[in-house]
Amino acid sequence: MTSLRRLTIHGFKSFRRRVTLEFYPGFTAIIGENGTGKSNLLDALTFVMGRRSRSLRAERIEHLLHTPAQGDPVEEAEVTLALDNRAGTFQELVPDAEDEVHLSRRITRSASTYRIQGRVAAARDVEALLALAGIERDGYHIVEQGMVIDVLERSPRERREILDEAAGIAAYEERKARAIGELGEVKERLNASRILLAERRQRLAVLYREREAALEYQALSAERERIAATLAWRRFQSRKVALDKAHAQAARLRDAVEELAAEVDRLDREIEIRERNSGERSAGDDGLADLVRSVERLRGMLATKEAEARLTEREITSLQETIRDMRDLASRQDRPPEAVEAVLSLGWEGVKGTLGQLVTPREGMEMALATAMGGHAHDLVVETRDLALRTVRHLKEHKLGRARFLPLDRLAVPPASAKARAVARLPGVLGLAADFVDCPKEVRSALLYVLGDTLIAESLEAVRDALGVRVVTLEGDLLERGGAIVGGSPARRTGVDLAPRQAQLRSRQEVLVRLRTEMEELSGELSAAEALLAERSRELSQAQAARASAESDLQARRDRRREAYRELERLRANLARHEREAAEIEGELGAMGEIAEPDGGGEQGSLEVLQARLRQAERRQAELGTVNLRAITDYDAFLAEFQDLKDRVATLEAEKHEIERFIGEIEAKKKEKFLVTMETVSGELNRLFQVLFRGGQARLALAEPGNIASGLLIEARPPGKEPRLLDALSGGEKTLVAIAFVLALAAGKPAPFYFLDEVDAALDRANSERLARLLREFARGAQVIVISHNEEVVRYADRVYGVLLRDGSSEVLGMELEHART
């Protein structure tokens with residue numbers, strides 16, 4: 001069995017300062033003047049065991065907080081009770097406890113919290129813990145002021161109610177009342193069940209039809225998912241085949257372009273040789289061949305540049321579309337954590353969004369910003385710290401996860417360090433990372449808090465000698481302040497990486513600008529050359545007639561060269577088209593991601609058949625309209641209830657007879673329990689009476705023998721006197737008998753301690769000594785703690801605690817008595 005080890009009080013009622021009361025085996029007395037707070041010790045003990053404020057002489061819980069004469073109550077009060085566990089009494093509920101188990105209760109103006117061994121516990125856990133030790137917060141081993149007087153002032157019938165409570169008769173009465181209520185309900189259910197059976201049969205038919213529709217709807221949904229997965233897989237495969245085909249076509253055209261370009265070069269050389277020979281034969285050409293060759297060369301170059309420009313424009317358009325699609329895909333994939341999404345979905349005023357949503361890196365700075373921000377990209381920017389705390393409570397209460405908050409009203413943003421300013425001036429260092437990011441003005445402090453004095457450099461080589469600064473490169477490499485370096489090639493992501501496409505787009509845009517500039521220059525040169533050629537041609541028209549035969553062959557080669565140029569342009573355009581097609585397919589495949597092959601290769605049939613099946617399933621689902629999917633499970637439940645209802649109708653009559661038999665059993669058990677309890681309490685009363693009066697007899701009896709509903713009589717016969725009822729005894733005798741009755745009520749339920757509050761107030765010296773001897777006897781088997789003003793009782797105690805009032809707060813002083821009384 002356990003025992004009380006110590007009671008620690010802080011802020012409770014009159015105990016403002018922390019007070020610790022040690023309990024030892026034997027008889028302990030607590031003394032003190034009226035108003036010093038003696039009874040508050042008993043209140044503190046029952047408070048920590050779970051009593052409500054009204055049972056502790058307080059209207060509301062906040063009235064239990066210490067309130068000085070001039071001032072406000074304390075913010076909180078706490079009482080801690082240490083129980084002996086050396087015998088392993090509490091092993092079942094507190095397996096990790098050692099010699100002591102600590103039970104505490106803390107209150108504020110609006111809350112009450114229990115703890116067992118420092119861990120928060122429920123009131124039922126406290127009750128279960130105390131039950132292991134046989135401690136009841138309302139048990140008769142705790143005798144409060146007025147309880148003895150209450151016994152004296154009650155009528156016999158009211159005294160019997162005390163014994164009813166000790167015997168647990170209320171439980172029998174409650175069971176009997178429930179049984180009578182159940183009997184009436186059985187009769188009502190017997191009539192209602194037949195009506196309900198007919199209603200359930202109709203409902204069952206409706207649910208059957210709804211269930212069939214729901215099952216068909218689910219089958220159609222599963223079929224649609226399988227077909228859609230098959231179509232996606234086949235499209236994925238077809239696009240991969242198309243990509244291979246486009247690459248093959250591009251390779252073939254690339255070879256053809258190279259061959260035709262070689263032929264054009266060969267024709268150029270042959271024409272140049274013939275023109276040179278023609279010029280030697282006719283000095284009158286005056287360099288016309290060179291001029292014609294120059295015009296043809298310029299035309300060819302201009303045509304080539306125009307073809308390259310058109311191809312580049314198409315590539316730019318394709319890349320822009322691909323980037324847009326990939327950004328759409330990335331926006332769907334790069335989702336913030338669940339807790340962040342949950343906060344954003346609340347729509348609370350003052351929640352700005354995530355830091356990653358609110359800031360925009362300048363072109364080319366995307367990788368650097370992503371590395372510099374790291375996990376802070378999903379930090380939630382809020383206006384105030386109170387809003388952040390409120391949101392944290394919401395996440396905890398709903399178990400939504402964790403999130404980091406940046407309250408704008410409390411962020412402390414330090415200025416850039418001197419080291420960072422010095423490193424920023426090094427070659428290859430672009431500047432502070434925060435200067436390459438655009439964001440709303442009010443969010444700037446959150447951005448500076450995350451990035452701080454982080455710098456952006458072209459490469460880590462530019463800051464290889466820098467110390468104590470944080471630097472990120474354009475490629476995402478990172479130098480930490482402590483010297484740690486994070487770098488290498490970016491890990492392959494399952495999402496979408498825009499950087500290669502954006503770099504390719506910028507490259508093609510630069511190429512287009514260069515081509516257009518070169519085209520303008522070539523156009524000017526060609527116009528001038530053509531004008532000069534026309535002028536020279538008119539001058540030499542007659543001379544050319546003489547060389548017609550030679551020119552015919554030369555012209556034929558020129559025509560061939562022109563056709564070759566045109567064919568070369570066509571081939572290059574086709575090559576560009578296939579390369580563009582390959583790039584587009586690569587973009588599509590990148591946006592699709594990796595699609596796994598459906599189980600078993602997916603649905604069988606051609607694409608047309610599958611699409612027809614998909615449309616048919618969609619039309620059938622539309623025909624079904626809104627279906628009740630719960631009918632699938634509701635039908636089985638209703639069917640089981642229907643069968644159960646049929647069985648219950650057959651058994652209700654038998655249940656009625658069983659309840660009537662049960663009510664009779666309860667009455668018999670109730671009477672038996674009451675009589676056994678009365679006999680046990682009566683025997684203990686007689687024993688205590690003989691200890692108190694050193695002889696005599698006392699017993700309990702019913703006013704009407706055998707009728708447990710009649711009044712309870714307390715008969716006593718002091719030594720040398722006639723038997724009398726309690727009310728006929730003298731005042732001191734009545735009080736002693738009432739005390740013995742109250743203590744006897746605990747018979748059958750041994751308690752580890754007895755706590756009595758001023759039960760001896762009405763006793764004279766002789767009766768006080770009798771009571772003190774009784775308490776000394778009790779103290780041999782359990783702790784006895786008495787609050788008393790009676791010097792005779794206190795003299796018999798093993799130790800005494802004095803309660804005094806100092807500066808408006810109760811304090812306790814203790815001393816141990818040495819005596820030889822038995």
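Sequential numbering from 1 along the given sequence is applied to the chain's residues. Side-chain atoms are counted along with the backbone in the values below, which use heavy atoms only and exclude waters and symmetry mates.
Side-chain polar atoms of Gln509 and Arg506 form no donor-acceptor pair below 3.5 angstrom. For the residue pair Asp438/Thr360, the side-chain donor-acceptor check at 3.5 Å is not satisfied. Checking His376 against Asp379 by side-chain atom types alone, a donor-acceptor pair falls below 3.5 Å.
Heavy-atom neighbours of Tyr449 OH from other residues, nucleotides or ligands within 6.0 Å: at or below the threshold of 12. Surrounding CD of Glu338 are at most 12 heavy atoms belonging to other residues, nucleotides or ligands under 6.0 Å away. Atom CZ of Arg630 sits in a sparse spot, with 12 or fewer heavy atoms from other residues, nucleotides or ligands closer than 6.0 Å. Glu363 CD: 12 or fewer foreign heavy atoms inside a 6.0 Å radius.
Rounding to the nearest 0.5 angstrom, the gap separating the CD atom in Glu259 from the CG atom in Leu568 is 12.0 Å. Note that the CZ atom of Arg516 and the CD atom of Glu521 stand 15.0 Å from one another [nearest 0.5 Å]. Within the model, atoms CD of Glu296 and CG of Leu267 stand 12.0 Å from one another, a figure rounded to the nearest 0.5 Å. With values rounded to the nearest 0.5 angstrom, Leu358 atom CG is found 10.0 Å from Leu447 atom CG. Atom NE2 of residue His378 and atom CD of residue Gln357 lie 9.0 Å apart, to the nearest 0.5 angstrom. Atoms CG and CD, from Asn574 and Glu569 in turn, are 11.0 Å apart once rounded to the nearest 0.5 Å.
Looking at every heavy atom in both residues, Val264 comes nearest to Ala564 through CG2-CB, 3.6 Å. The shortest heavy-atom contact between Lys419 and Gly468 is CD-O, 4.0 Å. When all heavy atoms are compared, the tightest approach of Pro427 to Ala462 is O-CB, 3.6 Å. When all heavy atoms of Ala403 and Leu380 are compared, the closest pair comes out as CB-CD1, 4.1 Å. The minimum heavy-atom distance linking Met373 with Val359 is given by the pair SD-CG2, 4.1 Å. Contact record, Ala457 with Val471: CB-CG1, 3.7 Å, taken as the closest heavy-atom pair.
Of the residues Leu460, Ile456, Leu430, the one that meets the side-chain contact (heavy atoms from CB on, under 4.5 Å) test with Thr473 is Leu460. For the side chain to side chain donor-acceptor pair (under 3.5 Å) with Glu579, the qualifying choice from Arg314, Arg254, His247 is Arg254, the only one to do so.
For the pair Val295 and Leu526, the minimum side-chain heavy-atom distance is below 4.5 Å. Side-chain contact check for Ile227 versus Gln611: every heavy-atom pair is 4.5 Å or farther apart. Side-chain contact check for Val429 versus Arg425: every heavy-atom pair is 4.5 Å or farther apart. In this structure the side chain of Leu215 reaches within 4.5 angstrom of the side chain of Ile632, judged on heavy atoms. Two residues are said to be in side-chain contact when any heavy atoms from C-beta on lie closer than 4.5 Å; Arg562 and Gln555 meet this criterion. Put simply, the side chain of Glu518 does not reach to within 4.5 Å of the side chain of Met301, judged on heavy atoms. Here the side chains of Arg481 and Asp453 are in contact, with some heavy-atom distance below 4.5 Å. At a threshold of 4.5 Å between non-hydrogen side-chain atoms, the residues Arg402 and Leu395 do not count as touching.
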I'd like to know whether Leu260 forms a side chain to side chain contact (heavy atoms under 4.5 Å, CB included) with Leu571, so could you lay out the CA-CA distance, the side-chain angles of the two residues, the decisive distance to 0.1 Å, and finally the verdict. CA-CA 9 Å; Leu260 193 55; Leu571 290 176; 3.7 Å; yes
Intermediate values then yes/no, side chain to side chain contact (heavy atoms under 4.5 Å, CB included), Arg536 and Val292: CA-CA 10 Å; Arg536 295 292 299 276; Val292 171; over 6 Å; no
Test side chain to side chain contact (heavy atoms under 4.5 Å, CB included) applied to Arg444 and Lys441, step by step: CA-CA 5 Å; Arg444 186 70 178 174; Lys441 183 177 180 181; 5.6 Å; no
What do the steps show when you test Arg470 against Glu480 for salt bridge (Lys or Arg N to Asp or Glu O under 4.0 Å), and what is the final call? CA-CA 5 Å; Arg470 188 171 185 260; Glu480 295 287 4; 3.4 Å; yes
Please determine whether side chain to side chain contact (heavy atoms under 4.5 Å, CB included) holds for the pair Leu406 and Val450, giving the CA-CA distance in whole Å, both sets of side-chain angles, and the decisive distance to 0.1 Å. CA-CA 9 Å; Leu406 301 176; Val450 171; 3.9 Å; yes
Show your working on salt bridge (Lys or Arg N to Asp or Glu O under 4.0 Å) between Arg560 and Glu563 and close with a plain yes or no. CA-CA 5 Å; Arg560 172 59 189 146; Glu563 290 299 325; over 6 Å; no
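A salt bridge between Glu461 and Arg464 is present, with a side-chain N of the basic residue lying under 4.0 Å from a carboxylate O of the acidic one. Ion pairing between Arg620 and Glu216 holds under the 4.0 Å rule for side-chain N and carboxylate O. Using a 4.0 Å cut-off between charged side-chain N and carboxylate O, Arg299 and Glu530 make a salt bridge. By the 4.0 Å N-to-carboxylate-O rule, Arg269 lies too far from Asp265 to be salt-bridged with it. Salt bridge annotation for Glu263-Arg266: present, with a cationic side-chain nitrogen under 4.0 angstrom from a carboxylate oxygen.
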